[in-house]
Amino acid sequence: MANRTYDLLGQVQAAHQFDHDSLFRYASVHVPGFPSSAASTFTVKQFGHGQSNPTFLLEVGNGGSVKRYVLRKKPPGKLLQSAHAVDREYQVLRALGEHTEVPVPKVFCWCMDASVIGTDFYIMEFLEGRIFMDPKLPGLAPERREAIYRETAKVLAALHSVDVDAIGLGKYGRRDNYCKRQVERWTKQYIASTGDSRYPSNPKMLELACWLQQHIPSEDSSGEGIVHGDFRIDNVVFHPIEDRVIGILDWELSTLGNQMTDVAYSCLAYIVDINHENQQVGKGFELTRIPEGIPSQAEYLAEYCSASGKPWPAAVWKFYISLAMFRGAAILAGIYSRWLMGNASGGERAQNAGKQANELVDSAWAYIARKSVLPNHPPPDPVARDYMKQFGGGNESGRLVPSVKVLKLRNKLIKFMEDHIYPMENEFYKLAQSSSRWTVHPEEESLKELAKKEGLWNLWIPFDSAERAKKLLFDESSRMVSNGEHDQFLGAGLSNLEYGYLCEIMGRSVWAPQVFNCGAPDTGNMEVLLRYGNKEQLLEWLVPLLQGKIRSGFAMTEPQVASSDATNIECSIKREGDSYIINGRKWWTSGAMDPRCKVLIVMGKTDFTAANHKQQSMILVDIQTPGVHIKRPLMVFGFDDAPHGHAEVVFDNVRVPAKNILLGEGRGFEIAQGRLGPGRLHHCMRLIGASERGMQMMVQRALSRKAFGKLIAEHGSFRSDVAKCRIELEKTRLLVLEAADQLDRLGNKKARGTIAMAKVAAPNTALMVLDTAMQVHGAAGVSSDTVLAHLWATSRTLRIADGPDEVHLSTIAKLELRRAKL
């Protein structure tokens with residue numbers, strides 16, 4: 001089981017006593033919100049976990065309330081050179097806390113005045129959460145063990161993705177030859193720790209140093225980013241009840257350099273069992289038995305590599321693990337040396353460290369002697385692996401060739417479009433241009449029921465999101481918790497690539513997506529709820545959305561600021577008791593005009609003083625809530641897209657329950673990034689379909705109309721134009737499918753460059769094809785007598801609505817320049 005952070009406390013050790021009154025006076029002046037009253041109670045306790053810089057809990061009571069802070073200081077006495085640099089800890093924590101979304105405790109002040117408590121120190125916030133001291137995670141259910149390890153890998157990947165130059169840490173350390181310098185540093189530290197006759201040097205340790213120097217990977221010569229230096233599962237704090245990291249601790253060894261050293265150090269539990277309570281080093285659980293639920297070392301590494309974009313390290317893994325054990329042995333030797341001197345912060349547990357250091361050296365040599373330590377290729381993601389087992393994986397005819405299952409669905413979809421959608425287009429347009437345009441055509445609801453029966457409902461849902469929803473919404477008999485229905489509300493279990501072939505067909509008509517419950521913004525909003533909603537939110541809003549009983553809107557863009565930069569958003573979401581009060585003006589809130597729209601996802605700021613990307617939150621708002629005013633529908637090149645519509649909405653002191661917040665305050669950007677992947681690629685897929693509709697209409701027109709004595713199709717200029725359109729369309733289709741495939745295999749972050757390319761290419765290709773089709777149709781092409789003008793207007797809008805081209809081009813360019821630097 002986990003230890004609560006508060007449970008790791010004990011009395012202050014004699015060697016680490018300091019003047020409490022002096023500290024109280026200093027903190028009262030330098031820590032914001034620290035009570036300064038003489039009547040305040042002030043107690044200090046010491047954390048027993050950790051063997052480096054002494055760490056203390058400060059509790060200040062004032063008027064019945066208690067505030068808690070954490071102080072971290074250098075140990076007293078003679079210290080090894082360059083060790084215990086608490087000033088660097090403060091520097092990196094402050095930079096990460098103020099400029100990134102990496103979870104770290106907030107720091108308040110740094111003091112280098114030794115007259116206060118005798119050594120340098122800093123004060124930070126206290127994180128109430130869980131620390132897992134035992135990497136085997138005893139007492140936890142298998143699925144929670146898996147979640148914790150995967151979260152740990154993702155958090156490490158997030159740390160390693162930080163742009164250190166952008167947050168002021170560009171000079172935090174040398175980036176090149178990191179491993180070479182690490183071997184040299186820890187060799188010196190080890191020699192310094194073992195110079196005493198009571199603890200002589202181990203020759204095998206010095207031989208290991210020589211082996212490491214001879215096997216340093218070539219990649220070490222180039223610099224990377226931030227390195228934590230001591231990243232392991234007991235140095236992260238998890239949320240009290242959720243399986244997510246809220247803080248990374250112990251930054252004493254952080255610097256810049258080769259980030260794979262962090263990954264290897266975090267994997268040591270698979271190889272060796274280093275428990276300070278034990279007298280000797282044991283075998284890791286990969287050599288004994290991996291507890292149920294914990295991913296294998298290869299699976300853990302695959303999770304990290306997928307999230308960070310790092311290459312699979314099989315060829316160099318033996319070096320990195322051996323270096324981790326070498327460094328661990330040097331650290332243990334230092335702990336034992338401090339124990340001999342009487343100033344080790346770990347107390348009596350440190351007395352085993354000397355013996356453990358020698359055993360760790362033996363383990364390193366045994367690891368080096370192993371023939372193989374990792375598979376040559378990463379294993380598939382567990383969800384993807386289960387999917388492949390269920391539906392059959394791999395297609396011998398090519399990676400982007402649709403499977404038999406997808407082809408069957410595609411054929412059913414094409415027939416449905418030909419039998420039901422295209423014949424109804426004129427009727428839908430007639431209603432949309434009448435005085436009753438803000439009502440729903442009764443035939444639309446009939447077609448939705450038919451789509452459900454045909455198994456063409458909610459095809460957009462990714463299989464991983466469906467798996468999460470099943471756990472929350474379905475019991476063992478697969479019956480909906482809310483009302484016992486058991487239709488295919490969670491789609492057909494398709495990957496993003498597979499859905500791409502189907503979404504393209506729907507994109508051939510502006511009316512089709514909603515008939516299959518695959519239209520924006522509902523798909524994006526449902527994806528948000530599937531990924532980030534709690535069970536109560538899913539039951540209240542997701543279930544009726546999945547059933548097609550209601551629709552939704554997404555309120556982000558604001559008229560008074562450039563909303564392509566979401567940090568500009570001004571809408572406020574202020575906490576008052578058990579409610580939030582929302583004030584702001586939004587526009588282009590698609591779907592808000594629809595009479596079936598019942599809920600809006602609103603993005604606003606809950607904390608205007610937080611770091612730029614932690615100010616925003618997302619919250620669910622019932623559209624009938626007092627203070628929600630739908631001001632007007634907005635026109636898109638003369639189309640108001642009734643009955644769906646795009647609205648300007650004013651939120652005037654709108655009070656909603658606090659339980660409506662999604663994922664928690666300050667998580668808006670995190671949610672937005674999750675929403676940007678699959679949902680935003682759907683637009684590209686539909687644009688391919690719109691382009692194909694344009695090609696079809698263009699060719700049919702050219703084969704039926706004569707000009708200047710011959711069919712348009714016989715003119716050389718037309719043939720040249722149609723050939724160029726086909727070339728661009730096929731190139732773009734392949735790019736979109738490649739983006740979808742990368743999204744499935746590599747995840748949002750690794751695929752972001754290809755997704756950005758698709759978002760630029762798809763609307764521009766559609767505009768080229770549709771413009772040519774309109775030209776071939778002549779005056780009819782720009783009229784409302786065909787769908788071409790509406791398809792063109794939608795395509796042109798997506799060069800802004802799906803993120804401005806300029807933003808996507810900037811992303812592509814940054815990645816290209818970064819690749820060139822490597």
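Numbers for residues simply follow the sequence, beginning at 1. Note that the coordinates shown come from a computational prediction; the quantities given were computed from them, not determined experimentally.
Judged purely by atom type and a 3.5 angstrom limit, Asp594 has no side-chain atom pairing as donor or acceptor with the backbone of Gly645. Under the 3.5 Å distance criterion, the side-chain polar atoms of Asp607 are left unmatched by any main-chain donor or acceptor of Gln615. No donor-acceptor distance shorter than 3.5 angstrom exists from the side chain of His777 to the backbone of Ala780, with no hydrogens or angles considered. In this structure a side-chain-to-backbone donor-acceptor pair under 3.5 Å is missing from Arg726 to Ala723. At least one donor-acceptor pair under 3.5 Å links the side chain of Thr797 to the backbone N or O of Ala793. At least one donor-acceptor pair under 3.5 Å links the side chain of Lys605 to the backbone N or O of Ile569. A distance-only check finds no donor-acceptor pair linking the side chain of Ser306 to the backbone of Ala302 [under 3.5 Å]. Proximity of a side-chain donor or acceptor of Asn568 to a complementary backbone N or O of Ala562 within less than 3.5 Å is detected. A donor-acceptor pair is defined here as one N or O able to donate and one able to accept, closer than 3.5 Å; no such pair exists between the side chain of His682 and the backbone of Tyr499. Formation of a donor-acceptor pair under 3.5 Å by the Asp640 side chain with backbone atoms of Met635 is not found in this model.
Of all heavy-atom pairs between Leu634 and Trp587, the closest is CD1-CB, 3.8 Å. Pairing each heavy atom of Ile248 with each of Val245, the nearest pair is CG1-CG1, 4.5 Å. Taking all atoms of both residues into account, the shortest heavy-atom contact from Met603 to Cys571 is O-CB, 4.2 Å. Between Ser403 and Glu498, the shortest heavy-atom contact is OG-OE2, 3.8 Å. Smallest separation of non-hydrogen atoms from Pro462 and Glu527: CD-OE1, 3.6 Å. Residues Gly781 and Leu788 approach most closely at O-CB, 4.0 Å, considering heavy atoms.
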Worked check of side-chain contact (heavy atoms from CB on, under 4.5 Å) between Val515 and Met506: CA-CA 9 Å; Val515 169; Met506 300 179 201; over 6 Å; no

Intermediate values then yes/no, side-chain hydrogen bond (donor to acceptor under 3.5 Å, both in side chains), Ser254 and Tyr172: CA-CA 9 Å; Ser254 61; Tyr172 191 59; 2.6 Å; yes

Chi angles and distances behind the side-chain contact (heavy atoms from CB on, under 4.5 Å) call for Arg667, Glu101: CA-CA 9 Å; Arg667 309 290 293 277; Glu101 296 184 53; over 6 Å; no

Full working for side-chain contact (heavy atoms from CB on, under 4.5 Å) between Met556 and Ser563: CA-CA 8 Å; Met556 174 180 166; Ser563 301; 5.5 Å; no

Thr732/Thr765 under side-chain hydrogen bond (donor to acceptor under 3.5 Å, both in side chains): CA gap, chis, key distance, verdict: CA-CA 7 Å; Thr732 304; Thr765 295; 2.7 Å; yes

Chi angles and distances behind the side-chain contact (heavy atoms from CB on, under 4.5 Å) call for Leu494, Leu409: CA-CA 11 Å; Leu494 302 176; Leu409 284 170; 4.2 Å; yes

Residues Arg632, Glu648; criterion salt bridge (charged side-chain N to carboxylate O under 4.0 Å, His left out); working and verdict: CA-CA 6 Å; Arg632 59 173 175 140; Glu648 181 175 359; 2.5 Å; yes

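Within the 4.5 Å cutoff, the side chain of Trp511 has no heavy atoms near those of the His644 side chain. The shortest distance between side-chain heavy atoms of Lys759 and Cys684 falls below 4.5 Å. Annotation: side chain of Trp460 is in contact with side chain of Met526 (closest heavy-atom distance under 4.5 Å). At a threshold of 4.5 Å between non-hydrogen side-chain atoms, the residues Ser795 and Arg686 do not count as touching. The shortest distance between side-chain heavy atoms of Pro763 and Arg796 does not fall below 4.5 Å. In this structure the side chain of Leu729 reaches within 4.5 angstrom of the side chain of Ser691, judged on heavy atoms. Annotation: side chain of Asp262 is in contact with side chain of Leu156 (closest heavy-atom distance under 4.5 Å). Contact annotation: the side chain of Leu737 approaches that of Tyr501 to within less than 4.5 Å [non-hydrogen atoms, C-beta and beyond].
Here Arg733 pairs with Glu692 in a salt bridge; the nearest charged N to carboxylate O distance falls below 4.0 Å. The pair Arg175-Asp165 meets the salt-bridge criterion, since a charged nitrogen lies less than 4.0 angstrom from a carboxylate oxygen.
You'll find the ring centres of Trp792 and Phe637 inside the 6.0 Å limit.
A distance of 12.0 Å separates CZ in Arg701 from CZ in Phe718, rounded to the nearest 0.5 Å. Atoms CD1 and CD1, on Ile619 and Ile582 in that order, are 4.5 Å from each other to the nearest 0.5 Å. Rounding to the nearest 0.5 Å places OH of Tyr178 at 10.0 Å from CD of Gln259. The structure places CE of Met698 at 8.0 Å from CG of Asp721, a figure rounded to the nearest 0.5 Å. Interatomic distance, CG of Leu530 versus CG of Leu545, reported as 9.5 Å (0.5 Å rounding). Separation of atoms CD (Glu728) and CE (Met695) is listed at 11.0 Å; rounding is to 0.5 Å.
Counted within 6.0 Å of CZ on Arg94, heavy atoms from surrounding residues, nucleotides or ligands total 12 or fewer; the atom is thus considered open. More than 12 heavy atoms of other shown residues, nucleotides or ligands fall within 6.0 angstrom of atom CD in Glu219.
In the model, Asn525 has a side-chain atom that pairs as donor or acceptor with a side-chain atom of Ser552 under 3.5 Å. Counted by atom type alone, Glu738 and Gln742 present one or more donor-acceptor pairs between their side chains at under 3.5 Å. Side-chain contact, His646 with Ser590: a donor N or O sits under 3.5 Å from an acceptor N or O. For the residue pair His790/Asp641, the side-chain donor-acceptor check at 3.5 Å is satisfied. A donor-acceptor pair shorter than 3.5 Å can be found between the side chains of Ser617 and Thr606.
For Thr567, the side-chain contact (heavy atoms from CB on, under 4.5 Å) criterion is met by Asp565, Asn612, His613, Gln616, Phe669, not counting sequence neighbours. Among residues two or more places apart in sequence or in another chain, the side-chain contact (heavy atoms from CB on, under 4.5 Å) test is passed with Thr589 by Ala555, Lys586, Ala592, Leu600, Val649. Every residue meeting the ring pair (Phe, Tyr, Trp, His ring centres under 6.0 Å) condition with His160, not counting sequence neighbours, appears here in chain and number order: Tyr304.
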